Amino acid sequence: MTNPYQQPSADLMPEGSPGDRLLQINAPRSRDIGAGWRWFSDAWRVFKSAWGTILLALLVAWLLSMAAQFVPVLGMFLGFLIAPFLSAGLLVLLYKADEQRGPTVGDIFTPFSTHFVPLLLVGLIYLGLFMGVLIIGGIVGYLMFGDSLAGMAESVAGMDQGVMPPDMAWMNLALLSLIIMALMIPVMAAFWFAPALVVMGDYGPGQALKASLVGCLRNILPMIWYSVIMLVLLVLAMIPVGLGLIVLLPVLVVTYYSSFRDIYTDTL
């Protein structure tokens with residue numbers, strides 16, 4: 001049986017870029033818990049190699065994301081649809097920086113011309129799953145905590161009729177939030193590496209979402225350790241009036257590339 005995640009090498013950049021080749025993408029592998037720290041150290045190495053270009057590209061990506069949010073009515077939906085393109089574009093830039101292939105800010109726009117349809121489908125599926133979680137959460141909230149939440153709303157509006165003590169209502173609201181967060185975790189895991197798999201491995205949308213979910217599930221421990229380290233570094237970066245965030249936040253973005261390369265290739 002052939003491996004459904006195995007992909008042949010292919011051109012990463014548009015035609016006319018001889019020698020530019022994709023990484024060889026493998027089935028997602030389990031990494032040891034120490035990988036959580038290695039992703040940071042490798043990200044720092046990549047960031048130092050082209051820090052100016054990376055910072056400028058991140059600024060452009062952030063401005064595009066903000067501009068999409070301000071589009072009337074469609075702003076939230078555009079945010080979901082543009083996210084896969086920006087994630088994939090940053091990955092292209094970081095790959096070129098890592099391989100010393102002369103990265104430019106324009107690299108973040110490469111996926112718009114090379115993988116437009118599959119990335120758009122990834123965004124649409126992600127949006128659909130996100131809305132599905134919210135609908136399920138709303139149904140669960142109505143069935144389990146309907147009276148409580150109604151009582152809380154009346155209390156906030158100054159019309160409390162003693163349906164349920166406010167403290168209990170707030171506890172139920174917190175529980176509902178936890179339920180929605182639990183439902184959202186597999187959705188986020190499925191999306192996390194999907195844009196990278198589309199642009200680096202020519203995966204189809206469904207295949208990319210599945211491989212991303214499997215990769216995250218196989219690396220829960222290093223991702224937990226990664227999250228702990230991230231929280232500690234964020235606290236430390238805030239100490240000098242938050243100036244450390246200028247360096248830390250871009251490095252956190254680069255850890256996305258490092259973790260992807262560690263999990264799906266043999267080259268980290």
Side-chain angles (χ1 to χ4, degrees), residues 28 30-31 33 35-36 39 65 68-69 73-84 86-87 121-197 205-235 249 252-253 255-256 259-260 263:
S30 300
R31 310 306 291 141
I33 191 171
W39 299 337
S65 298
Q69 297 294 326
V73 182
L74 300 177
M76 183 189 75
F77 303 103
L78 287 178
F80 279 92
L81 299 183
I82 199 174
L86 295 179
S87 296
L121 290 175
V122 167
L124 287 171
I125 294 172
Y126 182 40
L127 174 61
L129 292 174
F130 180 84
M131 298 301 295
V133 167
L134 293 184
I135 292 173
I136 293 173
I139 295 174
V140 171
Y142 176 78
L143 294 177
M144 296 181 62
F145 314 117
D147 292 340
S148 172
L149 297 178
M152 184 178 66
E154 292 177 354
S155 177
V156 172
M159 299 181 297
D160 186 15
Q161 300 177 3
V163 176
M164 185 172 288
D167 290 345
M168 182 63 69
W170 284 109
M171 289 178 60
N172 288 340
L173 180 60
L175 179 58
L176 178 60
S177 299
L178 290 175
I179 293 174
I180 293 176
M181 289 177 60
L183 293 173
M184 195 64 69
I185 288 175
V187 173
M188 295 179 64
F191 173 77
W192 190 246
F193 290 118
L197 290 165
Q207 186 184 14
L209 290 163
K210 180 179 178 180
S212 176
L213 178 60
V214 173
C216 290
L217 291 177
R218 290 182 178 176
N219 290 276
I220 291 177
L221 289 181
M223 286 186 171
I224 291 175
W225 181 228
Y226 166 89
S227 299
V228 172
I229 297 171
M230 178 183 67
L231 291 175
V232 172
L233 292 177
L234 284 172
V235 171
L249 293 181
L252 287 177
V253 174
T255 59
Y256 173 71
S259 59
F260 168 77
I263 293 172

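This structure is a prediction, so every number in the text was calculated from the model and none was measured.
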Which residues satisfy the ring-ring contact (aromatic ring centres under 6.0 Å, His included) test with [X], sequence neighbours excluded?
X	result
Phe130	Phe80
Trp225	none
Phe191	Tyr126

Kindly write out the residues that satisfy side-chain contact (heavy atoms from CB on, under 4.5 Å) with [X], not counting sequence neighbours, or none if the list is empty.
X	value
Ala189	Leu213, Cys216
Leu252	Phe40, Tyr226, Met230, Leu234, Leu248, Leu249
Ile224	Ile220

If you measure from [atom1] on [X] to [atom2] on [Y], what distance do you get to the nearest 0.5 Å?
X	Y	atom1	atom2	result
Ile263	Trp192	CD1	CH2	11.0 Å
Trp39	Tyr256	CH2	OH	12.5 Å
Leu129	Met184	CG	CE	9.5 Å

Least distance between heavy atoms, [X] atom then [Y] atom:
X	Y	answer
Gly137	Ile180	CA-CG1, 3.9 Å
Leu197	Ala208	CD1-O, 3.5 Å
Pro28	Ala211	CG-O, 3.9 Å
Gly123	Leu81	C-CD2, 3.7 Å

**Message:** For the backbone of Pro222 and the side chain of Arg31, can you confirm whether one donor and one acceptor N or O come within less than 3.5 Å of each other?
**Reply:**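 Looks like no, no N/O pair under 3.5 Å.
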**Request:** Please indicate whether Met188 has more than 12 foreign heavy atoms, meaning atoms of other residues, nucleotides or ligands, lying under 6.0 Å from its CE.
**Result:**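 For Met188, atom CE is not crowded (no more than 12 foreign heavy atoms under 6.0 Å).
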